[in-house]
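The first residue of the sequence shown is numbered 1, and numbering continues consecutively from there. Just follow the structure's listing: the first ligand is 1, and inside any ligand the first atom is 1.
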Amino acid sequence: MQIEVASGSIQETNVQALAVAVFKDEKADEGFLKELDGPCGGMIKSVLDSEELKGKEGETAFIHLSETANGKARRLLLVGVGDRSEYNRASVSEMAGAAVRTLRGKNVKSIAVAPRLDGNAEDIAAAAAEGAVIATFDLDKYRTVDKEERQIERLAVFIDGADSGAIERGIRRGQIIGESVNFTRDMANEPGAYLTPTMMADRAREVANECGLSIDVLDEARMEQEGMGSLLSVSRGSDEPAKLIILKYSPVNEDEDSKGLLSFVGKGITFDSGGISLKPGENMELMKYDMTGGATVIGAMRAIGKLKPSISVLGVVPCSENLPSGKATKPGDVVRAMTGKTIEVINTDAEGRLILADAIAYAKKLGATRIVDMATLTGAVSIALGDVNAAILGTDQELIDEVISAGKEVGEKFWQLPLDKEYSKQIKSDIADIKNVGGRKAGTITAAAFLKEFADGVAWAHLDIAGTAWGDEAKPFRSKGPTGIAVRTLIKIVEREALKTAKT
Ligand code: BES
Ligand code: ZN
Ligand code: ZN
């Protein structure tokens, strides 16, 4: 999809269809809609007066315009966006996404979108481009029949009265971000056989080469040398060797970040069968997406490499399969993590925390002072927060607040759960320092309490995305399947941090 600036008036843009945001209970008697209604032959007023569309979020009305209407486009899509007072950057992204998906379904090839938000034009254009690109993703990669082949070839972004240079810059940024979100979603969607830890490392290498990142991939021998007994205990049951991917972005002209090295760590379990503590068969196929945290880190690093902010960022992705075999770790086994801490493995299905423990320790060894880790870590998080909010927990309130606030700006929701020290009692072991499960109560919190054991001495926040990484149903602006949750938030954190650092 080619994305460009709509210069001049929207009705003069040379496209097949216009997509226009309509606020709740808005009429076409004044302002932008009134102006556009003339060239559209009075159809906007007609639709709104008939109350066929009341501007509620998710509503759309598709209209063919008469040959006598004097604008260029012959079709019009009105997209309900809800209350004007709540309409923001994140809504623009969804509006553009809904326009792309709806009009693609009508076999339209070129569109102009009018998001109708006041404010920073570059940012609004970025949001629109990002949403449009994200909307093009489908999970039917391996279909040979009934595959969605239709495409919007050209999209023009119209922002009333804005400088076209600013819109252009926003579009380029938004495109990079949208493509990076889709990169993560494509990885999350890959079956286990098509994305083993080795293949995940290969993809990370391609990203590093394409985006100017440095990369190091530790094999099992090097992990052994580092004493990563916790990570290695998870791959023991599999024929596929574990990999630890290290990506680093270093700017040419670096602004010294007084807070030190920001780093992202993501769980990369390319298939989670549960191991000896085997999962039930129902829905087990979905455990191909248990590497979403890792894919999120790689996707965000991809965008960071292309956007070139002025601060360094480290990405660490431990990758492994979790399978049962004669060599697999058994419940009751004790393993030794890189930090020297001993762990009693009560349940081999609580493997995410085992690989993250050593990855967090290694990030610290590489100089990380602020760590955000993300993982499809616990089924319990879906019970607590459903598929609306991801959980966030950690030891540094400033970092947690930064994630929540960046998330708000890009339309990704994080809800903080408590992490009082009392919860750590649940992971005390009789035989070792700690155990890898904490009983039935507060599963998401005790998983975080486990990680906290390895995140001492740094500012740390943990995102549990098990409930939000996969959408069971399609949305108007997004296909079902991998959501790409947190990719945009991570990028936003880095963008904000770079801006702040440059100013001081
Ligand atoms: N990968 C799963 C968590 C998960 C569940 C992700 C559903 C996505 C959807 C994780 O490794 C796991 O199995 N966790 C166990 C932990 C338990 C054994 C303490 C769980 O949540 O049941
Ligand atoms: Zn598991
Ligand atoms: Zn898992």
Side-chain angles (χ1 to χ4, degrees), residues 188-189 192 195 197 200 230-231 233-238 242 265-296 317-324 328-333 343-357 359 373-391 393 417 423-424 426-429 434-451 462-472 480-486:
N189 189 39
L195 194 79
M200 203 158 161
S230 186
L231 203 175
S233 76
V234 176
S235 64
R236 283 182 60 86
S238 163
V265 178
K267 169 179 174 181
I269 293 289
T270 58
F271 189 77
D272 182 11
S273 71
I276 297 295
S277 314
L278 194 65
K279 285 181 181 294
E282 199 180 321
N283 294 330
M284 202 206 269
E285 72 281 2
L286 278 179
M287 281 302 110
K288 67 178 184 178
Y289 82 81
D290 208 21
M291 31 53 68
T292 303
T296 304
V317 183
C319 301
S320 174
E321 291 187 333
N322 185 24
L323 295 178
T329 298
K330 305 162 195 70
D333 282 351
I343 304 162
E344 182 185 9
V345 178
I346 300 289
N347 189 321
T348 63
D349 196 12
E351 82 299 338
R353 61 200 78 179
L354 293 174
I355 65 167
L356 288 169
D373 84 72
M374 62 226 69
T376 47
L377 204 62
T378 65
V381 77
S382 311
I383 309 297
L385 300 173
D387 60 6
V388 179
N389 279 275
L393 311 92
L417 298 181
Y423 290 106
S424 296
Q426 284 177 244
I427 55 163
K428 283 225 158 78
S429 161
I434 48 174
K435 56 184 178 182
N436 77 332
V437 298
R440 256 170 43 80
K441 292 180 181 169
T444 301
I445 299 175
T446 52
F450 181 94
L451 297 178
H462 157 67
L463 315 178
D464 193 333
I465 57 171
T468 45
W470 193 269
D472 292 334
K480 76 183 222 182
T483 61
I485 177 76

Atoms of type N, O or S from the protein that sit nearer than 2.8 Å to the Zn ion (ligand 3) number exactly 4
Passing option when Lys267 is tested against Thr292, Thr296, Asp290 for side-chain hydrogen bond (donor to acceptor under 3.5 Å, both in side chains): Asp290
Give, for atom CG of Leu417 and atom CG of Leu385, the distance between the pair rounded to the nearest 0.5 Å. 5.5 Å
Report, one line per pair, each donor and acceptor closer than 3.5 Å where one atom sits in a side chain of residues 437-445; sequence neighbours left out.
{"unit_1": "Thr444", "atom_1": "OG1", "unit_2": "Thr378", "atom_2": "OG1", "d": "2.9"}
{"unit_1": "Thr444", "atom_1": "OG1", "unit_2": "Val381", "atom_2": "N", "d": "3.1"}

Rounded distance (nearest 0.5 Å) linking atom CG of Asn436 with atom OG1 of Thr329: 10.0 Å
Is the shortest side-chain heavy-atom distance between Leu451 and Asp373 below 4.5 Å? yes
Under 3.5 Å, side chain of Asp464 to main-chain N/O of Ala466, donor-acceptor pair present? yes
Ser277: partners by side-chain contact (heavy atoms from CB on, under 4.5 Å), with sequence neighbours left out: Pro331, Asn347, Thr348, Asp349
Kindly compute the distance separating CG (Leu354) from OG (Ser233), expressed to the nearest 0.5 Å. 5.0 Å
Distance in Å, Leu393 CG paired with His462 NE2, rounded so as to fall on 0.5 Å steps: 6.0 Å
I'd like the residue list for ligand 1, meaning every protein residue with a non-hydrogen atom under 4.0 Å from the ligand. Lys267, Asp272, Lys279, Met287, Tyr289, Asp290, Asn347, Asp349, Glu351, Arg353, Thr376, Leu377, Thr378, Gly379, Val437, Ala466
